[in-house]
A.B. asks: 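If you scroll down you'll find the structure; I have some questions about it.
These numbers come from a predicted model, not from an experiment.
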Amino acid sequence: MALSFCGNDKGINAYSVEEGVLNNGCFVDALNLVPHVFLLFITFPILFIGWGSQSSKVQIHHNTWLHFPGHNLRWILTFSLLFVHICEFAEGIMMMDTDHLHLYMPAFMGFVAATTSVVYYHNIETSNFPKLLLVLFIYWVLAFITKSIKLWKYAEYNVGPQHLRFCITALLVILYGLLMAVEVNVIRVRVSIHATYWWMNPLIIGAHKRPIELKKIGKLPIAMRALTNYLRLKDAYEDQRDPDLSPSIWRSMYRAFGRPILLSSFFRCLADVLGFAGPLCISGIVKYLKETYFGVHFMSSTKLLQNTSVLAVLLFLALILQRTFLQTSYYVTIETGINLRGALLAMIYNKILRLSTSNMSMGEMTLGQINNLVAIETNQLMWFLFLCPNLWAMPVQIVMGVILLYCLLGWSAVVGASVIVLLAPIQYLIATKLADTQKSTLEHSTERLKRTTEILKGIKLLKLYAWENIFCDSVEDTRGKELTSLKTFALYTSMSIFMNAAIPIAAVLVTFVMHHFLNETGPSPSEAFAALALFHILVTPLFLLSTVVRFAVKALVSVQKLGEFLQSDEIGDDSWRNGDMSVSLEGGKKHLGAVSLNDNTSTAHLITFSTFSVCVGQLTMIVGQVGCGKSSLLLAMLGEMQTIEGRVCWSKTCGSYLVSFASVFHGAPSKNRNFVAYAAQKSWLLNATVEDNITFGSPFNKQRYKAVIDACSLQPDIDLLPFGDQTEIGERGINLSGGQRQRICVARALYQNTNIVFLDDPFSALDIHLSDHLMQEGILKFLQDDKRTVVLVTHKLQYLIHADWIIAMKDGSVLREGTLKDIQTHDVELYDHWKTLMNRQDQELEKVMCWRYLSSGGYLMVFLMVSSNLLKHSVIVAIDYWLALWTSSKTNQSVSSPGNNDSYYLPVFIILCAAGIFLCLFTSLSVEFLGLSAATNLHHNLLNKIIHAPIRFFDITPLGQILNRFSADTNIIDQHIPPTLESLTRSTLLCLSAIGVISSITPAFLVALVPLAVAFYFIQKYFRVASKDLQDLDDSTQLPLLCHFSETAEGLTTIRAFRHEARFRQRMLELTDTNNTAYLFLSAANRWLEVRTDYLGAVIVLTVAGASIWSLRYGLPCCGLVGLGLTYALTVTNYLNWVVRNLADLEVQMSAVKKVNSFLSTECENYEGSMDTSQVPENWPQDGEIKIQDLCVRYDPMLKPVLKHVNAYIKPGQKVGICGRTGSGKSSLSLAFFNMVDIFEGKIVIDGIDICKLPLHTLRSRLSIILQDPVLFSGSIRFNLDPEKTCTDDRLWEALEIAQLKNMVKALPGGLDAVVTEGGENFSVGQRQLFCLARAFVRKSSILIMDEATASIDMATENILQKVVMTAFADRTVVTIAHRVHTILTADLVIVMKRGNILEYDKPETLLEQEDGMFASFVKADM
């Protein structure tokens, strides 16, 4: 019998499909062959070509295989499949009495295909190439579908379990389905892992058990590291180099990062196109809800799309795909934005390392500007990149939305859409105003922070002078300007929120009213709710328009600032420093200020050097009066000054090589050494351990390290630290004294294995014993014995006898150079002047936090916000519900009721819409102004608490921590919490109202709501914990990065002198990558949440659609209400993830309120006292008599006393000197005069009044003090001398004359109104100290305390000042705390202190007679 596939039975046309293709059994069997043939055709080339190569024949041991998920289950199912195929083949063979090949050929091919799948899977698994398993997945799907069709047809023709073929087919369907599930599991883990962020599951779920740590999340891939992206951006930037044009940063960014943004834009457009499937499917479901199609085996495509069940499934699938594409687009842009930020940070850092020092010193480039570039401008550009795909997506959404609206409602929809378009310019205007206002707010905020920083740095001085309220008022004035800007910002933000909420209501109102008048009837339910959904979609691009415009404006400003910074002046070519040895500076001028010179350039800004020579291995000392250019000479040799004439070159040559400028270092040093070690005049420390600060990246050598510690006398200080030399020093070394900071900086310079050491006035903060020890052990022994070249700037003329070469400077030029003997021979006058002086010496969200934030805004504002929000959402639900009733009334015209009359529905609809629009405005205003009120009260309370806190608070609290409360935390409270609170309230109420409406329309939804709610609970539970951990990681990794930039900018000269740029650059790259890793995982966690909540929302939509279709069979909801339920289900999809996101964000942001609140509990000083101000005589203290009776003082009740039962009597007008070693209690006694410390026993009586009874302001305003550390504030010289504005100009000039500053100030432009930059950086340290002396002279108090006030000035100036003080304060009491004992030799009384007790107390002459006394030993050491 001839065989044929379908047989050749007589009288039967086996190939006939007249009754339908699927009703032909042979065709169905042929269809079952397709998957098997597909698998064989695809896998054989891969198996025999790909794995036939030599590389694939590597022996792989089975115990090293990486098994895919479901490995064992797959083998069990595959062998079961082979067995069933054999059974199927046998059953077909048993029917060989016919000639039908289709009965057993598919079974045979199925067996071959199953066997092939085994071989194919084995090779894929051993090669660990899971992406190729996609072929098997397609095969299982096709086989499952074809077998399911066959099983369905069997059931249709009453072939049941009693037939063997039915049972075999059913088993095959089950096996194919299970294998498909196994493959989905592998693909989920291996292929679709990025689409669903499944790889984040272990991290996010694990965060609930233990906090996320950096080591858990690993490192960035090479392609995302800062160095890789920096090189990419740098190449794009430098390719545009043109002598006439500056490079474009925009073009550089596009060339480096344009491709991923285009890819993201493509995904975004796909997502937006799929977003329109929602309204169309809603329209179809509502329209065809009552039509059924049964008894039809073959449908046309039109009829298929008219089936409500099909539309419900299509809606679900469209939502899944749309959300997947959307989140993919977000992730790509975020990844690209992170890459851009890393590249920009690296570019900025490299520029900082090349930045000209004069830019920093003259205020052209401040530390605050650099910090803004790092912390703000780079983030602005990153966020703009995040929003870039919207530039293409917005036009697509608007055009498609308008077209679909026109198709649904005709011209009335176009009129409604025109409302949105016409209101778009208003949104644009609001966005522009927002950007301008935010820029103004930022300027005021920067100024406020600058003033606050100055207050905190000079808080000790402010308290001692009783100027807290003056400076507090200054900050409050700036805060007032900032709040004015913030009010405008809040108003515009409210208007923006109002527009976004009100525009859909207005558009719907106009559309349906126009539809009524144009068509004389209202819309049908399908048209109405599809249009409603489309209007909500159209609002999204308009909302984004304002956001994109705002960020675009910020990005333009940021690029402008970045461009100016990258084009700023750099130090000259430092190729001369690449050799082993040193420098020659050819005769010329160094410019401190201007970039270029003109005829109007002040000569005060120029330093002129003549030619001089320094031999290798010698000690060169540079001396001169304050402001003569000593430090500038060191900076010039380091290449940190701008050369106007001459040049700088460092020579490798040996011998006596002389060049024609300032200094020549020559000789042949050891090639194993690095270059220059440098200790700046202003101590600079890293935020690291003491050991790290000293070794400064050099290899640790225990013997050398100990020698340096001993040379700098640091061991006693290290022993006092809680963790020894492993103690974190803290921000700016705030937990160390000035002397300790300076000695650590000197120790750093000594430890480095360099040829040359530059020391800029290392003795200024040290007492006589420490200075002598450092000179003898550190400089003369440690450095000189090692044959290192040392250049030392100092005022300690007694050390000139040790100098091999001396450079004397005056008024910015070299006055004399040579050995001490040369100067004695050739300049007798100068030597005699020195000789006169040479015998003398020189620191979790709780619910209650949320309530405290709200209560700070006022209870009335809280009530208005809550009630208006509830009322607004109730009205919005009423609008939609009324629309549903109105449109449903059109579907049943046979019923005569008032509902059929549009005149009944239309007025109510208009009234509800108007009420909704008004409430949208009211709620947006209430939330923003609640936040503004809370921000105002919290900052005011914080400032007053901090500024009136005891001085101990500032000793134990790092400056950076306090500044964070006023900067980052205040910024969060001002600008971030209000919009987050508004968004959380709106999204939560929208979701709750949507669930309530859906449940009331289709009660069956409540059954599905329980598991959906459980899933949502666990999603938000895990996400919130992980998000908080990742946010903390992002913050904690960002702070070291910002500190590193700040430290680098402050210590630029030191870093460049040590030639440690590469190490610091590498550290910056590591910190950037670490921060970017944390931020990337935070962004991935957000995508993880959004994918799951979006999928959950899609399930809700499918559930609502299914429940509506099922409920309609029982006549429960009307068509209009079904449309309302589906529209609200789509709303839940959009807002569900925002509930969790906003909740997590609010948790993080409320930590700022918690931090601020922790400072609000700080106890203030008792400013009142027991005496009233009126009881204190106006001229008190008139005589200056001081009685110290059994005085015991401590800094804190938990600490030991620092002064123990001290008794002393100081007569009116007496000059008293207090001396003692470090820690003896000298400064503590001076603070006790001002009641700055805890006097827990005894008392100090001044002119008959116990100071503890006086109001603090009265006490401190009547005394004067000069501190060791000079503090100047930005402003004018007049403001620094007399911030209270009570003195005449004559009195100010008199004080300046006393302080030897009159001539210098007169030469400045503006005189008394000349500008003082931040910290007084435009004056030398010595000049700053002289200004502080003048400040004390302005306040003519009868008692003056001088706490080592002349440490930073030269001996000659100090000698003059001592005489002036004695003259100006001849009839007043002067208490001098001295490190330099010679300053108190002429005192009337000397008090020698030791460990908090008075050891010696008498006239200096009497104490000198006691040869074994401590005072006598101090004087001997000084001789």
Side-chain angles (χ1 to χ4, degrees), residues 226 229-243 245-257 337 340-385 439 442-443 445-447 449-450 551-574 593-596 640 642 1038 1041-1053 1055-1056 1061 1064-1065 1068-1069 1071-1072 1317-1318 1321:
N229 293 291
Y230 162 68
L231 294 174
R232 187 187 304 169
L233 184 62
K234 176 172 169 281
D235 291 342
Y237 186 76
E238 292 184 346
D239 285 346
Q240 306 173 59
R241 290 284 183 188
D242 190 325
L245 296 172
S246 58
S248 168
I249 296 177
W250 288 113
R251 193 176 295 114
S252 305
M253 288 164 53
Y254 174 75
R255 289 182 180 178
F257 305 105
L340 171 66
R341 178 172 172 267
L344 288 174
L345 287 175
M347 185 174 277
I348 292 170
Y349 194 83
N350 277 279
K351 180 67 180 182
I352 290 173
L353 292 177
R354 300 284 303 158
L355 204 60
S356 172
T357 311
S358 62
N359 282 0
M360 301 290 289
S361 62
M362 297 307 294
E364 293 176 17
M365 184 64 64
T366 65
L367 187 61
Q369 288 174 306
I370 293 174
N371 286 339
N372 278 344
L373 280 174
V374 175
I376 297 175
E377 313 304 343
T378 54
N379 284 335
Q380 299 285 19
L381 286 172
M382 179 178 71
W383 277 99
F384 175 71
L385 209 64
K439 187 178 178 182
L442 182 62
E443 290 173 358
S445 177
T446 303
E447 179 64 24
L449 187 59
K450 176 185 172 184
F551 275 96
V553 173
K554 291 180 184 178
L556 287 170
V557 174
S558 298
V559 166
Q560 182 183 354
K561 290 181 181 178
L562 190 60
E564 291 172 358
F565 175 74
L566 293 176
Q567 294 298 316
S568 59
D569 291 338
E570 299 182 357
I571 57 172
D573 180 18
D574 64 348
V595 175
S596 60
E640 299 288 345
Q642 293 183 25
Q1038 190 175 30
L1041 177 63
L1042 297 178
C1043 286
H1044 186 72
F1045 272 86
S1046 179
E1047 288 170 351
T1048 302
E1050 286 190 44
L1052 198 53
T1053 52
I1055 294 168
R1056 290 203 288 239
E1061 294 98 326
F1064 274 74
R1065 189 182 293 111
M1068 180 276 304
L1069 292 172
L1071 290 172
T1072 302
T1317 59
E1318 186 177 352
E1321 290 292 336

A.B. asks: Side chains of Phe1045 and Leu345: does their closest heavy-atom pair fall under 4.5 Å?
C.D. replies: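 A side-chain contact exists here, since the closest heavy-atom pair is under 4.5 Å.
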A.B. asks: Without hydrogens or angle criteria, can the side chains of Gln380 and Ser558 be said to hold a donor-acceptor pair below 3.5 Å?
C.D. replies: no
A.B. asks: Side-chain contact test, heavy atoms from C-beta onward, threshold under 4.5 Å: evaluate it for Ser252 versus Lys234 and give yes or no.
C.D. replies: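 Not touching, per the 4.5 Å side-chain cut-off.
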A.B. asks: Return the minimal non-hydrogen interatomic distance between Arg255 and Asp239, and the atom names on each side.
C.D. replies: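 In terms of heavy atoms, the two residues are closest at NH1-CB, 3.9 Å.
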A.B. asks: So does Phe1064 get a backbone contact from the side chain of His1044, meaning a donor-acceptor N/O pair under 3.5 Å?
C.D. replies: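 It does hold such a pair.
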A.B. asks: Any side-chain heavy atom of Met1068 sitting closer than 4.5 Å to one from Thr1072?
C.D. replies: yes
A.B. asks: Do Met347 and Leu566 have side chains that approach each other closer than 4.5 Å (heavy atoms only, starting at C-beta)?
C.D. replies: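 With C-beta onward as the side chain, the pair touches.
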A.B. asks: Between Leu233 and Phe257, is there a side-chain heavy-atom distance shorter than 4.5 Å?
C.D. replies: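 Yes; the side chains approach each other to less than 4.5 Å.
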A.B. asks: Quick one: CG on Leu344 to CD1 on Ile249, what's the gap to the nearest 0.5 Å?
C.D. replies: 7.5 Å
A.B. asks: Rounded to the nearest 0.5 Å, how far does OG1 of Thr1048 lie from CZ of Arg1056?
C.D. replies: 11.0 Å
A.B. asks: Is the shortest side-chain heavy-atom distance between Leu381 and Leu562 below 4.5 Å?
C.D. replies: yes
A.B. asks: Is Leu340 close to Met382 at the side-chain level, that is, under 4.5 Å between some pair of heavy atoms?
C.D. replies: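 The answer is no; the side chains never approach within 4.5 Å.
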A.B. asks: Centres of the Trp250 and Phe384 rings: under 6.0 Å?
C.D. replies: yes
A.B. asks: CZ/Arg1065 to CD1/Ile352 distance, rounded to the nearest 0.5 angstrom?
C.D. replies: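 Going from CZ on Arg1065 over to CD1 on Ile352, the span is 11.5 Å.
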A.B. asks: Can you tell if the side chain of Tyr349 reaches within under 4.5 Å of the side chain of Leu1069, non-hydrogen atoms only?
C.D. replies: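 When only atoms from C-beta onward are counted, Leu1069 and Tyr349 do not touch, as no gap falls below 4.5 Å.
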A.B. asks: How many angstroms lie between CZ in Arg354 and CD in Glu1061, if you round to the nearest 0.5 Å?
C.D. replies: 8.5 Å
A.B. asks: What are the two closest non-hydrogen atoms of Gly342 and Ala226, and how far apart are they?
C.D. replies: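 Scanning both residues, the minimum pair turns out to be O-CB, 3.9 Å.
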A.B. asks: Checking Tyr230 against Asn350 for the side-chain contact (heavy atoms from CB on, under 4.5 Å) test, could you report, in this order, the C-alpha distance in whole Å, the side-chain angles of both residues, the deciding distance, and whether it holds?
C.D. replies: CA-CA 10 Å; Tyr230 162 68; Asn350 277 279; 3.7 Å; yes
A.B. asks: Taking the side chain from Arg341 and the backbone from Asn379, do they hold a donor-acceptor pair closer than 3.5 Å?
C.D. replies: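 Flag not set: sc Arg341 to bb Asn379 has no pair under 3.5 Å.
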